Amino acid sequence: MLYDTMSKSMRELVPQEPGHLKFYSCGPTVYSYAHIGNFRTFLTADLVVRTAEALGWQVSYVSNITDVGHLTEDSLADAEGEDKMARALQSKEGERFANVWDLADHYADAFVEDWRRLNLRDPSVRPKATQHMREQIVAVQELIAKGHAYETPTGVYFNVASFADYGKLSGNRDQDDLMRAVRDVVQDDNKRHPADFALWKKDEKHLMQWFSPWGWGFPGWHIECSVMAMRYLGETLDLHAGGEDLRFPHHECEIAQSEALTGKPFSKLWIHTRFLQVEGEKMAKSKGNFFTVRDLVEGKNADPLALRYALISVPYGKPYNFTMQTLRDASSNVERFRLCEEKVAAALSATRPGDDAIGPELDALYDEALAAMLNDLNTSVALAKALEGTRVILREAELSGACADSAQRFLDRINALLGIVRHESDAPASNSPKVDEARIEALLAERAAAKAGKDFARADGIRDQLAAEGIELRDSPEGTTWRLKGVV
RNA sequence: GGCGCCGUACCCAAGUGGCUAAGGGAAGGGUCUGCAAAACCCUCAUUCAGCGGUUCGAAUCCGCUCGGCGCCUCCA
């Protein structure tokens, strides 16, 4: 069950081909590092995939990378390269790149790195817009042939008047009304209707350009997703996802193009992830509350799993106010899973005799977590059930071998569903801590000696010293371990 | 002007007609510990922004008021 943005109601997601989900999720434009708001949206897609897989479905999951810098749709076509990527190239961070292509590659690679750090499943296909130029040109030609598009001196435009359903997703049916409200709309006199949108822009000065039947230029923003989605998933998708801002115009335009082309529904269901706010305000660089994944993970030593936990802790359909406190809360929760992993690993090798006292309870909790995810991805409840499971595991003084097997199964299944127990990819889990491990070991040895000699003042002194450096000690009968605490 | 969301304990937050209003964090008490930390156990909303209404019954439905927020051709 998912909340479908098109019908504005809860609808059951039923794949056209039983047990095989065809899913497209709009990816980022790679002109900068992706921020945590971007990732809330991609995390939603990830959870859809994981939930479908938990059901035993096969999932064809396509998530694109937009590596073409698009102009504002209504800007004049002579925009002198003033698109997002060109602007990024001219910015301070962009100076190190030789050209826009290098810039796009760099940020695309960084994006995939962050993606894996946050434990997102790799899509079946991660197509790039620049690698599907021919298909885009062909699609535009077809739209012209079918009378849904026309050429002007500045480009090729989709004729909105030719598609009666335009506005069915966003509710923006009254174009005059829309025009009245929108400020700063630059009119292009060559367009037949203000709402017509570009399929192809003629521009011989653009930093990225391709040759087409209409001369040199570049494709409109919306056409790439239509083309790539249909190329890999067929004419009708089961589900299409994206951020709430994409509902209009991007997805509205995708529908118009795709359905004009095929005469078939473009997607059965649509879901849109609400925007993330930070410290009560919209994220903005000027407000100082703008965070990329690497800002938090590298700059603040945040555990990537904790960040993932925090970002999925509120269901995708609700507004979410991200704060540093939320991240700290998430850290202690993620720590619980880690403790369980250690405890279970130890119990597995100990193979103590005894009954499986916790198996049925854990299985029930997993079922409840899955049921919550099936209910419009209710991550709050799913996470609560997962946490209750850790309590069940941790409250046992000693896990029997049978209990350990059950606990392991629970952790594996929870991790497959929510991705919060352990890292799944080979990507570096976190940055190598900038600490001198040998020195810490030496101090721990000294402290152990001090403790043995009842010199507790010295022992506590060492503990305080390390604590000041963000290193937390834990004494146990087996000895002392240490770990680096995040500084968020 | 159009479309839409939210207001639940100190904080985050689930619950959308009916058993004791999930879960986490913080806080307080206890077990453990040389002392801590971590872990575990216990405590922590007669009440769901306010006011009316519908109903045998509402945090949940309807209306109004107050407060906060998002999207509307750059944006996840």
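If you're wondering where the values come from, they're calculated on a predicted model, not measured in any experiment. Protein chains get the first letters and strands the later ones, always in sequence-line order, with residue 1 at the start of each.
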Gap in Å between the two [atom1] atoms, one belonging to [N] and one to [M], rounded:
N: B/A45; M: B/A14; atom1: C1'; result: 14 Å
N: B/U16; M: B/U55; atom1: P; result: 23 Å
N: B/C6; M: B/A59; atom1: C1'; result: 14 Å
N: B/A21; M: B/C32; atom1: C1'; result: 34 Å
N: B/G29; M: B/C69; atom1: C1'; result: 40 Å
N: B/U43; M: B/A26; atom1: C1'; result: 14 Å
N: B/G15; M: B/A49; atom1: P; result: 15 Å
N: B/C44; M: B/U20; atom1: C1'; result: 15 Å

May I have the distance from [X] (atom [atom1]) to [N] (atom [atom2]), rounded to whole angstrom?
X: A/E396; N: B/C32; atom1: CD; atom2: C1'; answer: 17 Å
X: A/I414; N: B/G24; atom1: CD1; atom2: P; answer: 14 Å
X: A/H222; N: B/A76; atom1: NE2; atom2: P; answer: 13 Å
X: A/E254; N: B/A76; atom1: CD; atom2: P; answer: 13 Å
X: A/F275; N: B/G4; atom1: CZ; atom2: C1'; answer: 14 Å
X: A/L473; N: B/G34; atom1: CG; atom2: C1'; answer: 15 Å
X: A/D376; N: B/G15; atom1: CG; atom2: P; answer: 9 Å

Would you mind telling me which of [options] lies closest to the side-chain atoms of [X]?
X: A/N38; options: B/C35, B/A76, B/C72; value: B/A76
X: A/V381; options: B/A37, B/C41, B/A22; value: B/A22
X: A/D329; options: B/U73, B/G24, B/C71; value: B/G24
X: A/E388; options: B/A22, B/C40, B/A76; value: B/A22
X: A/D460; options: B/A76, B/C35, B/A14; value: B/C35
X: A/T41; options: B/A76, B/A22, B/G34; value: B/A76
X: A/H35; options: B/A76, B/U16, B/A22; value: B/A76
X: A/R447; options: B/A76, B/U73, B/G34; value: B/G34
X: A/K385; options: B/A22, B/A37, B/C41; value: B/A22
X: A/N333; options: B/G24, B/C71, B/C40; value: B/G24

Between the base of [N] and the side chain of [X], is there a donor-acceptor distance below 3.5 Å?
X: A/R274; N: B/C69; value: no
X: A/D475; N: B/G34; value: no
X: A/R463; N: B/A36; value: yes

Pick base, sugar-phosphate or nothing for [X], based on heavy-atom distances below 4.0 Å to the nucleic acid.
X: A/E335; value: nothing
X: A/G242; value: sugar-phosphate
X: A/S380; value: base
X: A/L383; value: nothing
X: A/R40; value: nothing

Hey, what's the ring geometry for A/Y309 with A/F337, parallel, tilted or perpendicular (30° and 60° as the breaks)?
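Plane angle between 30° and 60°, so tilted.
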Classify the ring geometry of A/H148 against A/F158: parallel below 30°, tilted from 30° to 60°, perpendicular beyond 60°.
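Aromatic pair A/H148/A/F158 classed parallel.
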Of A/A457 and A/G27, whose closest RNA chain B nucleotide lies nearer the 5' terminus?
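Nearer the 5' end of the strand: A/A457.
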Does A/F456 or A/N321 map to a spot on RNA chain B nearer the 5' end, using the closest nucleotide for each?
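Whichever sits nearer the 5' end wins; that is A/N321.
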Is [X] close enough to [N] that one of its side-chain N or O atoms is under 4.0 Å from OP1 or OP2 there?
X: A/R328; N: B/A26; result: no
X: A/K282; N: B/C71; result: yes
X: A/K318; N: B/G15; result: yes
X: A/R247; N: B/G2; result: no

Between A/R117 and A/E113, does at least one N-O distance fall below 4.0 Å, as a salt bridge requires?
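A salt bridge links A/R117 with A/E113.
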Checking ring-ring contact (aromatic ring centres under 6.0 Å, His included) against A/H251, which of A/W270, A/Y166, A/W221 comes through?
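Passing option: A/W270.
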Heavy-atom donor-acceptor pair, A/W200 side chain to A/T154 backbone, under 3.5 Å:
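The answer is no, because no donor-acceptor pair under 3.5 Å joins these two groups.
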Any chance the side chains of A/Y316 and A/D376 put a donor and an acceptor closer than 3.5 Å?
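Present: a donor and an acceptor within the cut-off.
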Does the ring of A/Y150 carry A/R192 above it, NZ/CZ under 6.0 angstrom from centre and within 45° of its axis?
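So A/R192 does make the cation-pi contact.
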Under 5.5 Å centre to centre and under 30° between planes: does that hold for A/F39 and the six-membered base ring of B/A76?
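A/F39 ring does not meet the centre or angle cut-off for B/A76; no stack.
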Which heavy atom in A/Q257 sits nearest to a heavy atom in A/L143, and how many Å separate them?
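Between these two residues, the closest heavy atoms are O-CD2, 3.8 Å.
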